[in-house]
Student: 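Take a look at the following structure, please.
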Amino acid sequence: MSAPSIPSDVAPTGFVPILDDQLFEHGERLKDKVVIITGAANGIGKEAAIRFASFGAKILIGDLDVVGAEKTVSDIVASGGQATARKCNVTMWDDQVELFDLAIQKYGSVDVVIPNAGIGEPESFLEVKLDKTGRPQKINLPTVHVNLTGVLYSVHLAQHYLVVNRKPDTQPLKAIVLIGSMASWQAFPLAPTYSASKHAVLGLMRSLDPILTLRGIRIACINPFFADTGILPTPLKVFLAGCPLTPVPRIAGAIIYAASHPDPATSGCAYVLPDDGPVFKVPREEFKAGVYQLLDGKLQTMTGIVYAIKYATDIVKIVAKPLSALVIAVGLARVLWFNRKTLWTFMDI
């Protein structure tokens, strides 16, 4: 898994590229650390759990997919690591409390928390359903419940459990690593609740960083583009052919880098993986309060993208809804990829 270089006209000013051989350079700091990770039955979570365990970390997985989670545990144990899995619905408060309690009971502490469990947008926010009387029905918001409420529960609990049994007068490794998305930066018109949830995750990281820093807890947010995981349906993978997907091992590497780096100044950073190239670290000082004002001043550069979105929207009126939603999602992915220079301009604040 080699990281191709990024041309100077595409790489954003002020962002720090992190090559693959640098992602695990502080992995030895994870030995005997206790890592709680949700959604590790497959995909990014599974890869991250296995990677953490390879450095001697003790892994506790919380997932609704118990069979998949147990398979991850088996893979870790077969390689000589330590891991445990527990059924956990991240939208249920008691499930999460029991997960954290189990970590204390079994391993004695919690050192790294990764609220990785997430879903796409299974229900359309854009379609208003009416009952028999013509009254709008209450909308279900599963994406918000899993991607935001579940993350808030995990982070809220982490504030407590990361300091349980913490030895005084020491500077141990204590970290929270959030999983954002490129949708944390750029809105996806056909996935408004997904975009909202991922924007919120990035905002949560930025809000908590100064407070957690005073408590000796680091926090970061990983923001990948589309990756070849279970959250990406097979038809979409087919249509995305030609758009480089973000390698799952590289995303896991970014998570480990964010959790294990010894420099406190790396807390509050975002890590961006916009394609199949290297990870980019966005230092906290690169987040400017006026970023959206700058975006407003660059709307002229978005003409092509706006046209593409308008064209895709019109397709909805022509073809069947299930097919059109998929086609438009693919179209947007391609538009974002082939207009990545513009996106970098947006993020170059």
Side-chain angles (χ1 to χ4, degrees), residues 6 9-18 44 115-116 118 120-121 143-144 147-148 151 177-209 219-227 229 231-232 240 243-246 250-251 254-255 257-258 266-302 304-306 308-309 329 331-349:
I6 296 296
D9 62 337
V10 176
T13 303
F15 288 15
V16 182
I18 305 171
I44 295 169
N116 170 73
E121 189 150 339
T143 304
V144 174
N147 294 4
L148 182 54
V151 170
V177 182
L178 306 181
I179 309 301
S181 164
M182 290 304 289
S184 298
W185 302 82
Q186 178 66 35
F188 287 79
L190 287 177
T193 60
Y194 182 82
S195 297
S197 69
K198 293 303 182 179
H199 270 69
V201 166
L202 181 61
L204 177 65
M205 185 272 289
R206 297 184 63 194
S207 298
L208 287 176
D209 171 48
I219 188 169
C221 185
I222 312 300
N223 303 272
F225 183 61
F226 286 112
T229 67
I231 201 173
L232 202 61
L240 280 172
C243 292
L245 300 179
T246 303
R250 188 166 294 140
I251 300 172
I255 295 171
Y257 183 92
T266 59
S267 182
C269 292
Y271 295 85
V272 178
L273 298 90
D275 48 33
D276 62 344
V279 178
F280 286 95
K281 179 175 69 176
V282 186
R284 60 165 77 118
E285 58 269 19
E286 291 298 324
F287 292 95
K288 307 296 184 182
V291 58
Y292 294 108
Q293 293 179 2
L294 293 179
L295 296 184
D296 288 340
K298 298 179 181 179
L299 285 179
Q300 292 302 318
T301 64
M302 286 294 290
I305 293 178
V306 171
I309 293 173
L332 283 172
R334 287 182 175 275
V335 166
L336 289 173
W337 165 246
F338 291 113
N339 288 272
R340 63 191 185 283
K341 292 185 180 181
T342 300
L343 180 57
W344 277 129
T345 301
F346 275 15
M347 297 171 64
D348 184 9
I349 50 181

Student: Which heavy-atom pair separates Val177 from Pro115 by the least distance, and what is that distance?
Tutor: O-CD, 3.3 Å
Student: To check you understand the geometry: which heavy-atom pair defines the closest contact between Ser197 and Thr143, and what is its length?
Tutor: OG-CG2, 4.1 Å
Student: Does the side-chain contact (heavy atoms from CB on, under 4.5 Å) test come out yes or no for Thr266 and Tyr271, once each step is laid out?
Tutor: CA-CA 10 Å; Thr266 59; Tyr271 295 85; 3.9 Å; yes
Student: Do side-chain atoms of Glu121 reach the backbone of Thr193 as a donor and acceptor pair under 3.5 angstrom?
Tutor: yes
Student: Quick one: does Ile222's side chain get under 4.5 Å of Tyr257's, heavy atoms only?
Tutor: no
Student: Find the distance between CG (Asp275) and CZ (Phe225) and round it off to the nearest 0.5 Å.
Tutor: 8.0 Å
Student: If you compare all heavy atoms of Ser181 against all heavy atoms of Lys198, which two are closest, and at what distance to 0.1 Å?
Tutor: CB-CG, 3.8 Å
Student: Taking all heavy atoms of Cys269 and all of Pro283, pick out the closest pair and write down the distance.
Tutor: SG-CA, 3.7 Å
Student: Does the side-chain contact (heavy atoms from CB on, under 4.5 Å) test come out yes or no for Asn147 and Val201, once each step is laid out?
Tutor: CA-CA 8 Å; Asn147 294 4; Val201 166; 5.8 Å; no
Student: Any side-chain heavy atom of Leu178 sitting closer than 4.5 Å to one from Ile219?
Tutor: yes
Student: Which pair of heavy atoms, one from Ile18 and one from Pro278, lies closest together, and at what distance?
Tutor: O-CB, 3.8 Å
Student: Any side-chain heavy atom of Ile44 within less than 4.5 Å of one from Ile255?
Tutor: yes
Student: Ignoring hydrogens, what is the shortest heavy-atom contact between Asp276 and Arg250? Give both atom names and the distance.
Tutor: O-NH1, 2.7 Å
Student: For side-chain contact (heavy atoms from CB on, under 4.5 Å), just list the numbers for Leu273 and Met182, CA-CA rounded to whole Å, side-chain angles, deciding distance to a tenth of an Å, and then say yes or no.
Tutor: CA-CA 8 Å; Leu273 298 90; Met182 290 304 289; over 6 Å; no
